[in-house]
Amino acid sequence: MVFALSKWEVLLQQGVNGLILGSFYALVALGYSMVYGIIKLLNFAHGDIYMTGAFVCLSVFGVLSGVLPGWAGIACSIVAAMIFSAVLGWLAQRFAYRPLLGAPRLSLLITAIGVSLVIYNTVMAITNSQPLFFTSGLDNAAGIKIGGITVTYIQLILLSVAACVMIGLTLFIGSTRTGKAMRAIALDQDTCRLMGINVNKVIGLTFLLGSALAALAGGLACVYYGNVQYNMGYTIGIKAFTAAVIGGIGSIPGAMLGGLLLGLLEAVGTQLLDSSWKDVFAFGLLILILILRPNGLLGKSEIERM
Amino acid sequence: MSSTILKVENLETYYGKVAALKGISLEVRQGQVVTLLGSNGAGKSTALRTISGLISPAAGKVFFCGEDITNLPAHEIVKRGLIHLPEGRHIFKDLTVSENLELGAYTLKDKHERRRRMHDVFGRFPILQKRRHQLGGTLSGGEQQMLAIGRGLMAAPKLLLMDEPSMGIAPLIVRDITNIVRQLNEEGTTILLVEQNANMALGLAGYGYVLDTGSIVLQGEGARLRHDEKVVRAYLGG
Ligand SMILES: Nc1ncnc2c1ncn2[C@@H]1O[C@H](COP(=O)(O)OP(=O)(O)O)[C@@H](O)[C@H]1O
Ligand SMILES: [Mg+2]
C-alpha cells in the first residue's frame with residue numbers, strides 16, 4: 001500500500017517534470033509551426049534562436065546583477081533576450097529568406113541551414129566552445145509541497161509563464177486583425193494582397209513573434225538549468241520540430257499539444273524504463289501516432305510534400 | 001461626360017518570355033459598367049491582375065483617379081479604393097464567413113465603420129448573416145460568390161474589378177449575380193467586369209472591349225457589340 005502510494009507520487013513528480021520539459025518544447029514548437037504555416041519553410045535556424053536567447057539572457061543578467069538582482073534582473077534579462085532574438089529572427093527573414101520566397105523550396109531550406117550554422121558557429125567562437133554557468137543567487141530548491149511532491153517556485157513561474165503566453169498567443173491569432181491576416185496568409189497569399197494586407201510585413205511579424213517565444217524558452221532554460229552552451233539549440237530544435245509535426249504542423253494548438261505530449265512521454269519513459277531509454281520510448285510512441293494520424297493530431301488532412 | 005476613373009495605356013505583361021498582354025489600352029469612367037470579353041486564355045485575368053498590382057507589367061501605364069499606380073504594390077492599390085475580386089472567388093476556406101468579411105475591410109482601422117459595413121453586407125446578403133459562423137469552405141458556389149462580393153464591398157470600392165463572377169455557378173444563380181452587379185452599379189459603384197459569358201456581360205455593360213490572345217480586337221457601346229456579327233459568332237453562340 002505504502003509502496004503503491006509512493007510510486008504514484010513519483011509518477012506525479014515526473015508529470016511535473018514532463019510539463020516543464022513540454023513547455024520548453026511547446027514554446028519552441030510554436031515558432032516552427034507558425035513559420036511553416038505561413039511560408040512553408042522548415043526554419044532550421046529556430047533552435048539556434050532559442051540558444052541565442054539563453055546566451056543573451058545570461059550575458060545581460062551578468063551585467064545587471066549588481067544593479068538588479070533576483071527575479072527583477074531575471075525578468076529584464078529574459079525580455080532583453082526576447083527582443084534580441086526577435087530582431088535576429090526578423091533579420092534572417094528579411095535578408096536571407098524573403099529574397100528566396102519565389103525560389104525552389106529546397107533553396108530556402110538550405111538557406112535556413114546556412115543561417116543556423118552561422119549563428120551556431122558565431123556563438124561557438126565567442127564562447128570558445130565552453131559552457132557558461134548561470135547563478136541567480138536565488139534558492140532553486142525552494143518551493144511548495146503538495147501531497148508528497150515538491151514543486152519549486154521556479155517551476156511554478158515557468159509553468160505559469162508558459163501557460164499565459166500560450167493563452168495570449170491563442171487569443172492573438174484567433175481574434176486580432178493581425179492574427180486573422182496570419183491565418184489568411186497561410187491559406188492564400190495573393191488574395192491577402194487583394195485585401196490590402198502587406199504580406200511581407202505580416203510574415204516579418206510572424207518571425208518576430210516566433211523568435212521571441214523561442215528566446216523566452218531559451219532564457220527560462222538558462223535560469224532553470226543554470227548553464228548555456230552553443231549546441232543547446234540542436235536537440236531541442238529537433239524535438240520541438242517533432243512536437244510541431246506530431247501536433248500537426250501549421251497548427252498553433254497542435255504545437256502546444258505536441259510539445260506538452262512529448263515532454264510528458266519523455267518523463268514517463270524515464271520513470272518506467274530508464275533515462276537512457278526515454279527517447280526510444282517517446283519516439284516509438286510518436287512514430288505510432290504518426291502512422292495512425294499522418295497529418296498529426298490537429299493537422300489538416302491535405303497532403304503536403306517538402 | 002463623367003470623369004475617367006481608370007485608364008490603362010499600352011499595357012504589356014509577360015509570363016517568363018511569353019507575352020500574355022501585348023499592349024492593351026482601355027478606359028473606365030465614373031459610374032460605368034465596362035466589360036472585358038474574351039475566350040479562355042485571352043488574357044482577361046492577366047489584365048486584371050496587372051491593374052491591381054499582383055503582377056508587374058513590362059511596359060505601359062495604369063492610372064487610377066488620375067494617379068499613376070503602375071508600380072505600386074497590390075496592398076497600396078487596395079487602399080485607394082480599387083478592389084479586385086479574383087477569378088474562382090478565392091474565399092479563405094478555413095476562416096469563418098465573418099472573418100472573411102472582416103479581412104475585406106483590413107485597411108480600415110475604424111471598428112465602428114467596419115461593423116456598419118458588415119451590417120450592410122448582411123442586409124444585402126441575408127444568407128451570409130445566417131452562415132456567419134460557418135467556415136467559408138462549407139458554402140455553396142453561389143454563396144461563396146456572394147461572400148466574395150460582400151468581402152469586396154467591405155472595402156467600400158470606388159472601382160470593382162470582377163473576374164468571371166458567373167464562372168462555375170448554376171444558371172439560376174447567375175441571374176441573381178447579374179442583378180447584384182446591376183444594383184451595385186445603380187448605387188454608384190463603377191465596375192470593370194471580365195466575362196466569358198458575353199450574354200450576361202453585354203446585358204449589363206454600357207461599353208465593352210473584346211480581348212483576343214493579348215490584344216484588344218474590338219471595342220464599342222454594349223448595345224452595338226451585342227449586334228456585332230463577329231461578337232455574335234464568337235461569343236454569343238449565334
Ligand atoms: N501563372 C502563369 N504562368 C504562365 N502562364 C500563364 C499564367 N497565367 C496565365 N498564363 C497564360 O497567359 C495567357 C492568358 O491567361 P489568362 O489571363 O488567365 O486568360 P483568361 O483570364 O482570359 O482566361 C494564357 O495563355 C495562359 O496560359
Ligand atoms: Mg481568367
Side-chain angles (χ1 to χ4, degrees), chain A residues 33-34 36-40 94 98-99 101-104 170-206 247-255 295-304, chain B residues 16 45 48-56 72-111 114 135-137 144 147-148 150-157 160-163:
Chain A
S33 223
M34 285 162 67
Y36 185 85
I38 206 158
I39 58 170
K40 307 286 175 274
R94 177 63 189 83
R98 190 190 294 180
L101 282 181
T170 306
L171 292 177
F172 176 77
I173 302 281
S175 47
T176 65
R177 186 164 154 273
T178 310
K180 278 173 208 145
M182 284 177 180
R183 283 183 288 144
I185 291 174
L187 297 170
D188 186 342
Q189 286 199 13
D190 267 356
T191 305
C192 284
R193 297 168 69 198
L194 295 181
M195 304 291 111
I197 299 171
N198 185 340
V199 170
N200 280 334
K201 199 167 135 192
V202 177
I203 290 174
L205 201 68
T206 307
I249 192 135
S251 157
I252 299 287
N295 297 297
L297 292 168
L298 304 179
K300 287 200 222 67
S301 53
E302 304 157 24
I303 296 168
E304 297 257 21
Chain B
S45 298
L48 295 194
R49 291 166 62 80
T50 312
I51 293 170
S52 65
L54 286 179
I55 357 179
S56 313
L72 285 185
H75 65 266
E76 285 295 334
I77 293 176
V78 171
K79 280 191 201 153
R80 286 159 173 76
L82 193 163
I83 306 302
H84 175 185
L85 310 187
E87 181 180 306
R89 304 181 285 274
H90 285 264
I91 294 307
F92 297 113
K93 292 192 167 62
D94 294 340
L95 267 53
T96 65
V97 168
S98 311
E99 287 174 336
N100 267 279
L101 290 174
E102 278 161 21
L103 283 170
Y106 183 82
T107 56
L108 180 70
K109 297 261 159 61
D110 180 350
K111 235 185 184 156
R114 277 214 301 266
L135 295 185
Q144 285 191 10
L147 179 53
R151 192 174 61 180
L153 294 180
M154 290 293 291
L160 208 49
L161 312 182
M162 304 179 90
D163 198 344

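Reminder, nothing fancy here: chain letters follow the sequence lines and each chain counts from 1. Quick caveat: nothing in here was measured; it's all calculated off a predicted structure. Computed over heavy atoms, backbone and side chain alike; hydrogens, waters and symmetry mates excluded.
- Inter-residue side-chain proximity for A:Arg183 and B:Leu95 is flagged as met; some heavy-atom pair is nearer than 4.5 Å.
- Under the rule for a salt bridge (Lys or Arg N to Asp or Glu O under 4.0 Å), B:Arg151 has no partner lying at least two apart in sequence or in another chain.
- Within the 4.5 angstrom heavy-atom criterion, no atom of A:Ala186 approaches chain B.
- Among residues 191-200 of chain A, the residues having any heavy atom closer than 4.5 Å to a heavy atom of chain B are, in sequence order, A:Thr191, A:Cys192, A:Arg193, A:Leu194, A:Met195, A:Gly196, A:Ile197, A:Asn198.
- Looking at B:Lys109, only its side chain comes within 4.5 Å of chain A, counting heavy atoms on both sides.
- Every residue meeting the side chain to side chain donor-acceptor pair (under 3.5 Å) condition with B:Glu87, not counting sequence neighbours, appears here in chain and number order: B:Ser45.
- Of all residues in residues 74-82 of chain B, those placing a non-hydrogen atom less than 4.5 angstrom from a non-hydrogen atom of chain A are B:Ala74, B:His75, B:Val78.
- When heavy atoms are compared at a cutoff of 4.5 Å, B:Arg114 approaches chain A solely by way of its side chain, counted from C-beta outward.
- In this structure, A:Ile185 CD1 and B:Phe92 CZ are separated by 8.5 Å, a value rounded to the nearest 0.5 Å.
- Between B:Ile55 atom CD1 and A:Asp190 atom CG the span is 9.0 Å, to the nearest 0.5 Å.
- The distance from the OG1 atom of B:Thr107 to the CZ atom of A:Arg177 is 7.5 Å, given to the nearest 0.5 Å.
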